[in-house]
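Here's the structure, in structure tokens; my notes come after.
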There are 2 protein chains.
Amino acid sequence: MWTMSTPRTAARKTRGTYHHGHLRQALVDEAVRTIGRSGVDALTLRGVGAALGVSRTALYRHFADKDALLAVVAREGFVALKATLDAARTRCADLDGQLTDMGTAYVRFALDNQAHYLVMFGSFLERCQDAPELMADATAAFQALVAMIVDLQQAGRVRADDPLLLSRFVWASVHGIALLAINGQLGPDRSAGVALYAACAPRIRAALE
Amino acid sequence: MWTMSTPRTAARKTRGTYHHGHLRQALVDEAVRTIGRSGVDALTLRGVGAALGVSRTALYRHFADKDALLAVVAREGFVALKATLDAARTRCADLDGQLTDMGTAYVRFALDNQAHYLVMFGSFLERCQDAPELMADATAAFQALVAMIVDLQQAGRVRADDPLLLSRFVWASVHGIALLAINGQLGPDRSAGVALYAACAPRIRAALE
DNA sequence: ACCTGAACACCGTTCAAGT
DNA sequence: ACCTGAACACCGTTCAAGT
């Protein structure tokens with residue numbers, strides 16, 4: 001499956017050159033790499049700068065502050081999540097298969113992109129409750145699920161309850177599974193989340209009938 | 001319902017006295033109060049000390065470091081959560097009613113004790129993956145749910161799947177609902193989580209049949 | 001035992017100055 | 001435009017010293 005980790009080569013500045021060239025994206029990528037390796041709390045702007053061979057204040061040419069950098073990471077995550085969920089619908093002609101694939105894709109995305117996922121739903125949210133673009137990206141990703149539920153309802157395969165409600169139920173379930181897996185509450189094995197979702201998918205399906 | 005916020009009066013040291021008296025618990029309570037007001041990232045040991053009229057290093061007589069203080073907050077949370085879940089089973093004679101009450105109690109606990117809940121399941125976990133007492137308390141709370149599912153199975157009211165699996169499914173659902181509510185993803189209203197659970201309870205129940 | 005103040009090695013952020 | 005170094009107001013943590 002598609003992940004965002006493809007271009008994650010260290011984009012260090014070549015010594016002696018004045019301009020970095022692609023500093024903005026390099027800062028975001030390095031932040032994601034640090035968070036993925038050591039957690040959100042281990043992220044320091046000075047460390048990011050040092051890893052890229054750049055002054056600790058160079059970052060402020062591209063981001064207002066640390067939260068602005070994290071907000072970009074979160075937005076990048078929501079955009080990629082939406083793309084992942086939409087792509088999951090193209091593999092299977094059967095609507096029921098699409099729902100299961102979408103759930104699998106969601107949990108896999110969370111595990112393959114833990115750094116993004118932790119920023120998207122982590123403590124950083126407390127400080128930026130009113131960031132309209134961020135909320136818009138998050139909503140857009142969620143709408144991929146709502147559309148799936150609506151299609152299933154129109155095909156008569158899901159009960160005629162409020163689609164927003166049913167979507168939130170499914171979202172809460174896969175979100176909970178993803179977080180329990182990331183936090184190690186399902187055991188040390190990385191793939192425990194995918195396995196748990198596979199076992200839960202028929203239960204979720206039954207709940208929607 | 002029972003919450004932990006009952007004795008949350010400011011336990012400031014009376015000026016001039018040398019010993020605080022109950023400094024350890026006062027430190028924990030002040031940490032919880034700060035987190036509840038401003039988020040986990042806003043917690044500083046110096047701030048906690050200042051709020052209690054105590055030196056910034058007094059804390060180290062009771063806790064090895066900041067993570068040790070957070071671990072106590074998390075353990076306190078898991079113990080209280082277990083008590084809340086167990087208590088939810090005493091109000092209703094009907095097993096199905098008990099399951100629904102337990103789910104309601106879980107979501108309500110998370111919303112009424114956001115500070116504890118965020119520490120119990122937040123980014124702090126990344127740094128203390130192997131804290132055996134903490135894991136034991138967390139497991140004990142989870143076992144209250146497993147016992148509920150087993151009782152329902154023995155009464156023939158829940159399908160005969162692996163009870164651990166079914167318990168994790170229910171846990172993931174209520175955990176997801178609680179976190180979405182706390183993070184404001186269900187709207188600004190505080191009680192949105194409780195309302196969403198109330199609507200989801202029949203869906204969860206149907207999934208277990 | 002419990003508390004204190006000074007000290008150390010870190011942070012995020014600002015700002016005048018360089019190219 | 002983009003980058004730098006010094007500076008400021010913070011952190012967590014340690015430690016010798018006080019009661």
Side-chain angles (χ1 to χ4, degrees), chain A residues 11-32 34-35 37-74 119 122-124 126-128 131, chain B residues 11-32 34-35 37-74 119 122-124 126-128 131:
Chain A
R12 233 181 163 278
K13 193 182 77 167
T14 43
R15 193 195 306 274
T17 57
Y18 187 68
H19 286 271
H20 182 281
H22 312 287
L23 184 55
R24 190 190 150 92
Q25 188 59 44
L27 289 163
V28 175
D29 290 348
E30 179 57 38
V32 169
T34 303
I35 295 168
R37 201 192 311 115
S38 315
V40 189
D41 295 342
L43 179 71
T44 71
L45 301 187
R46 290 159 119 100
V48 168
L52 297 177
V54 135
S55 153
R56 29 192 178 301
T57 60
L59 184 140
Y60 291 89
R61 286 295 127 191
H62 299 277
F63 303 99
D65 53 21
K66 191 178 183 179
D67 280 350
L69 173 62
L70 286 173
V72 170
V73 173
V119 177
S123 65
F124 146 77
E126 299 163 22
R127 294 192 302 277
C128 62
Chain B
R12 232 179 164 280
K13 194 180 77 167
T14 43
R15 193 195 303 276
T17 56
Y18 187 68
H19 286 269
H20 182 281
H22 313 287
L23 184 54
R24 189 190 151 92
Q25 189 59 43
L27 289 163
V28 175
D29 289 348
E30 180 57 38
V32 169
T34 303
I35 295 168
R37 202 192 310 115
S38 316
V40 189
D41 296 341
L43 179 71
T44 71
L45 301 188
R46 291 157 118 101
V48 169
L52 297 177
V54 135
S55 152
R56 28 192 179 299
T57 60
L59 184 140
Y60 290 90
R61 286 294 127 192
H62 299 278
F63 303 99
D65 53 22
K66 191 178 182 178
D67 280 351
L69 172 63
L70 286 173
V72 169
V73 172
V119 177
S123 66
F124 146 77
E126 299 164 20
R127 293 192 305 277
C128 65

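We use all heavy atoms of the structure for the numbers below, so side chains are in, but hydrogens, waters and symmetry mates are not.
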query: Do Arg24(A) and Val72(A) touch side chain to side chain, with heavy atoms closer than 4.5 Å?
result: yes

query: How would DNA chain C look in dot-bracket form, 5' to 3', counting Watson-Crick and G-U wobble pairs with both distances under 3.5 Å and writing | for bases paired to another strand?
result: ||.|||||...|||||.||

message: For a 4.5 angstrom cut-off between non-hydrogen side-chain atoms, does Val119(B) reach Val32(B)?
response: no

message: Within the structure provided, determine whether Phe63(A) and Leu27(A) are in side-chain contact (heavy-atom separation under 4.5 Å).
response: yes

- prompt: Which heavy atom in Ala58(A) sits nearest to a heavy atom in Leu23(A), and how many Å separate them?
  reply: CB-CD2, 4.1 Å

- request: Decide yes or no for His62(B) and Val28(B): does some side-chain heavy atom of the first lie under 4.5 Å from some side-chain heavy atom of the second?
  value: no

- prompt: What pairs with Thr57(B) under side chain to side chain donor-acceptor pair (under 3.5 Å), at least two apart in sequence or on another chain?
  reply: Ser55(B)

query: Taking only N and O in the side chain of His62(A), is any of them less than 4.0 Å away from OP1 or OP2 of dA1(D)?
result: no

- prompt: In the 5'-to-3' direction, what one-character label does each nucleotide of nucleotides 6-13 of chain D receive under the scheme B = base within less than 4.0 Å of a protein heavy atom, S = sugar-phosphate only, - = no such atom?
  reply: B----BBB

task: Would you give the length of the straight line joining atom CZ of Arg37(B) to atom CG of Leu43(B), rounded to the nearest 0.5 angstrom?
output: 10.5 Å

message: Distance check needed: dG18(D) P versus Arg61(B) CZ, whole Å only.
response: 16 Å

query: Hey, does Thr44(B) have a side-chain heavy atom less than 4.5 Å from the side chain of Thr34(B)?
result: no

